[in-house]
A.B. asks: 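Sharing a structure here in structure tokens format.
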Amino acid sequence: MQPRRPPPPAPGPPRPAAPLLALPLLLLAVQGAAAPAGPEAAEWRPDTGPPHGLLRQAARAALHFLNFRAGSPSALRVLAAVQEGRARINAKKECTVDLVFTTERYNSEEGEESLGKCSARVFFRNRKPRPAVNVTCARLMEKTKRQQEDYRLYKQMKQLRNPLDGVSIPDSHGHIDPSLRPVWELAFLGSSYVMWEKTTRFLHYYMAQLSGVKQWETNDGAIDFDYTVLLHEFSTQEIIPCRIHLVWSPGKPLTVKYHCQELLAPEDASGTEEGSAVAPTELSNF
Amino acid sequence: MCLLPVGQGPGARGGQFRGIARRPLSRESLKGPRSLSQPLLAFLTGDSMQRLLILSVLLGAVLGKEDFVGHQVLRISVADEAQVQKVKELEDLEHLQLDFWRGPAQPGSPIDVRVPFPSIQAVKIFLEAHGIEYTIMIEDVQSLLDEEQEQMLAFQARASSTDNFNYATYHSLEEIYDFIDLLVAENPKLVSKLQIGSSYEGRPLYVLKFSTGGKNRPAIWIDTGIHSREWVTQASGVWFAKKIVQDCGQDPAITAVLDSLDIFLEIVTNPDGFAYTHSTNRLWRKTRSRTSGSLCVGADPNRNWDAGFGLAGASSSPCSETYHGKSANSEVEVKSIVDFVKDHGNIKAFISIHSYSQLLLYPYGYKKAAVADQKELDEVAKSAVAALTSLYGTKFQYGSIYTTIYQASGSSIDWAYNQGIKYSFSFELRDTGRNGFLLPASQIIPTAEETWLALQTILEYTLNHPY
């Protein structure tokens with residue numbers, strides 16, 4: 001029996017929710033925060049093309065954003081390969097990257113080879129985080145299969161018993177107990193939002209390990225849980241702990257609140273970061 | 001010349017060396033309710049002819065090899081009292097050497113008996129002739145025992161040889177240091193252990209030397225685990241050590257390398273950090289040195305080398321994961337290698353192994369400018385990566401540190417290159433972020449195997465391109 005969540009402390013100012021776009025049957029088109037309007041004084045990159053690192057950076061940002069917006073822990077994608085791309089930098093050192101890349105399922109089984117192709121435009125505001133993302137992907141999974149998998153994961157989460165907070169996922173040897181696999185996948189979904197928000201032109205993230213997992217009972221049957229994720233930050237090599245609160249139901253929008261600790265304040269960080277998001281617009285209160 | 005290891009035949013176990021050495025049996029798991037006291041009892045009560053028979057049989061048992069190959073355990077179902085008596089008759093036939101685990105009692109009670117291989121035919125014919133039903137519970141007692149032994153050894157804290165060491169799991173510092181000692185003991189003519197210094201917290205810094213002789217031959221340096229959280233690298237280092245020993249005298253390429261070159265391998269380059277990843281923080285990267293005036297511990301040993309030290313690409317803050325340390329070579333773990341390499345004076349290739357990202361890198365990291373040997377290093381990297389990918393399809397990128405990942409100052413291979421060690425490379429092993437540092441143990445051996453192909457390419461190239 002999960003405990004009931006204690007009442008939250010006084011909330012901070014809410015962040016504006018990103019606009020919802022209609023979801024066509026075959027394609028998933030998602031648009032992020034405001035991109036610059038109109039032609040700016042563009043400085044074209046020399047013909048040698050953008051450094052491969054920049055294209056990968058853009059692909060990662062696009063994927064984090066896509067994963068969060070899709071809101072499906074069984075349809076998470078990771079980068080397979082960048083196929084083509086170009087970039088331009090303007091006078092303000094803001095960088096627009098257009099690229100095409102392939103993806104594969106994050107939770108792919110052995111031998112499963114499905115490469116969903118994506119095209120994206122990513123806008124980095126110099127060193128500032130939260131790049132604007134406009135991404136379109138070919139569907140990777142059949143809709144009914146995805147829904148079934150999500151529902152199965154949902155049931156597994158509901159069956160988990162606390163206490164989980166002493167457990168590290170994965171353990172030191174990289175092992176995740178099969179019963180805890182759903183926790184990891186949902187956590188990856190929630191962390192995608194955080195990683196998107198923190199990504200800049202020069203910094204990117206991977207999930208290293210989870211701990212402090214606590215699941216709460218809900219009135220409406222949603223999955224409601226807290227966890228601490230350790231994010232591995234490139235290129236600083238820092239390990240950033242973030243406390244994340246996630247609420248999810250299959251087929252319903254995902255809500256994420258988080259608080260990251262910046263242990264060391266590098267040149268551009270503000271110390272601690274808070275954020276919250278509600279994926280497309282259902283009025284939800286959590 | 002590569003010589004054979006002490007006490008073993010050639011090519012004992014190729015490939016994965018996960019093989020388990022056969023050990024003398026314990027009879028404990030075999031003892032049924034009746035033991036060999038039975039024949040003794042008969043001996044004391046039987047006549048002289050019988051005694052002679054029993055004695056010869058007993059002697060045979062004592063002097064012969066103690067194994068249970070082909071022995072079977074039968075479960076006999078007796079239908080009535082007559083059948084019970086028949087089985088008792090069997091019991092009395094000493095020369096059959098039957099070992100009843102569950103003796104004949106009454107109809108309905110199963111009778112379990114271990115039958116040695118030479119007696120199996122006779123026993124079965126006897127039972128069948130008298131219409132007594134039986135089933136075979138254990139087809140081959142020896143295989144069952146072997147399986148059990150294997151399982152026990154898998155759980156054993158201490159491997160007794162490098163052949164029953166578990167390469168497919170992560171080990172503690174103590175286990176790795178034990179492994180090193182075992183490897184040296186098993187291959188004293190090829191392998192020796194050198195201590196090049198002590199860590200900040202006083203742990204020995206051990207380097208394995210693989211050499212078939214000569215005096216200060218040109219050599220190759222390989223280090224793993226300089227960043228302690230990169231566990232697949234120390235684990236791969238252990239595998240490489242065993243692989244070198246296996247291949248010496250078996251594989252023509254490595255045999256040729258070792259005919260002319262020596263190999264130095266430091267498996268746990270940062271033992272303080274490694275111990276800390278086991279005891280306290282699995283994601284610790286740096287050394288454990290204390291900096292006066294700061295609460296933060298450790299410096300990044302791969303920003304501490306004297307190549308562009310302190311320039312952009314490292315941090316001056318002690319709390320940072322890329323803190324370069326208070327001065328070049330301030331970290332004793334780094335200084336010990338520097339001193340060793342300089343004293344040796346004949347190192348021809350220098351390879352540092354990290355994880356993760358799947359990259360093969362050459363200098364420079366501290367500046368954008370290409371090294372003079374860029375074209376050649378790029379070619380070598382290209383063929384090394386091709387060799388690696390050929391095994392499991394694992395994709396690697398390659399190039400200079402600066403252009404492939406980011407600017408990084410004070411790195412080991414930049415220093416090595418500037419010392420005149422032309423073939424200086426750095427690896428970033430599996431994976432690309434899915435598991436990161438916490439790579440599942442099941443991937444250790446595949447990672448080591450594919451990386452070895454790349455290393456071998458570099459070793460061979462170094463052999464064939466002396467300078």
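Residue numbering restarts at 1 for every chain, and letters A, B, ... go by the order of the sequence lines.
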A.B. asks: At what distance, to the nearest 0.5 angstrom, does CG of A:Asp171 lie from OH of B:Tyr170?
C.D. replies: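 Answer rounded to 0.5 Å: 10.5 Å.
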A.B. asks: Of the backbone (N, CA, C, O) and the side chain (C-beta and beyond), which part of B:Thr404 lies under 4.5 Å from a heavy atom of chain A, both, or neither?
C.D. replies: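 For B:Thr404, no heavy atom lies under 4.5 Å from chain A.
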A.B. asks: Between A:Gly174 and B:Pro440, which heavy-atom pair has the shortest distance, and what is it?
C.D. replies: O-CG, 3.6 Å
A.B. asks: Under 4.5 Å from any heavy atom of chain A, what part of B:Thr169 do you find: side chain, backbone, both or neither?
C.D. replies: side chain
A.B. asks: At a heavy-atom separation under 4.5 Å, does A:Leu230 approach chain B through its side chain, its backbone, both, or neither?
C.D. replies: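 Interface part for A:Leu230: side chain.
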A.B. asks: Distance check, rounded to the nearest 0.5 Å: B:Asn435 atom CG versus A:His175 atom NE2?
C.D. replies: 12.0 Å
A.B. asks: Return yes if some donor-acceptor pair links the side-chain N/O of B:Arg434 with the main-chain N/O of A:Tyr106 below 3.5 Å, else return no.
C.D. replies: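 Checking the backbone N and O of A:Tyr106 against the side chain of B:Arg434, a donor-acceptor pair under 3.5 Å is found.
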A.B. asks: Would you say that A:His232 contacts B:Arg229 through its side chain, given a criterion of any heavy-atom pair below 4.5 Å between the two side chains?
C.D. replies: yes
A.B. asks: Over all heavy atoms of both residues, which pair between A:Ser172 and B:Trp231 is shortest? Give the atoms and the distance, please.
C.D. replies: O-CZ3, 3.6 Å
A.B. asks: So how far is it from A:Glu233 CD to B:Glu321 CD, rounded to the nearest 0.5 Å?
C.D. replies: 10.0 Å
A.B. asks: Quick check on B:Phe437 against chain A: is it the side chain, the backbone, both or neither that has a heavy atom closer than 4.5 Å?
C.D. replies: side chain
A.B. asks: If I measure from the heavy atoms of chain B, does A:Phe234 come under 4.5 Å with its side chain, its backbone, both, or neither?
C.D. replies: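 Contact with chain B: side chain only.
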A.B. asks: Inspect the surroundings of CD in A:Gln83 and state if more than 12 heavy atoms from other residues, nucleotides or ligands are less than 6.0 Å away.
C.D. replies: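 Yes.
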A.B. asks: If you round to the nearest 0.5 Å, how far is CG of A:Leu79 from OG1 of B:Thr432?
C.D. replies: 8.0 Å
A.B. asks: May I ask you to test the B:Ser320-A:Glu238 pair for a side-chain heavy-atom distance under 4.5 Å?
C.D. replies: yes
A.B. asks: Do B:Tyr356 and A:Tyr206 make a side-chain contact, defined as non-hydrogen atoms from C-beta onward lying under 4.5 Å apart?
C.D. replies: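 Yes. Closest side-chain heavy atoms under 4.5 Å.
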A.B. asks: At their closest point, which heavy atom of A:Gln209 faces which heavy atom of B:Leu438, and how far apart are they?
C.D. replies: NE2-CD2, 3.4 Å
A.B. asks: Should A:Thr236 and B:Thr322 count as side-chain neighbours, where that means a heavy-atom distance under 4.5 Å?
C.D. replies: no
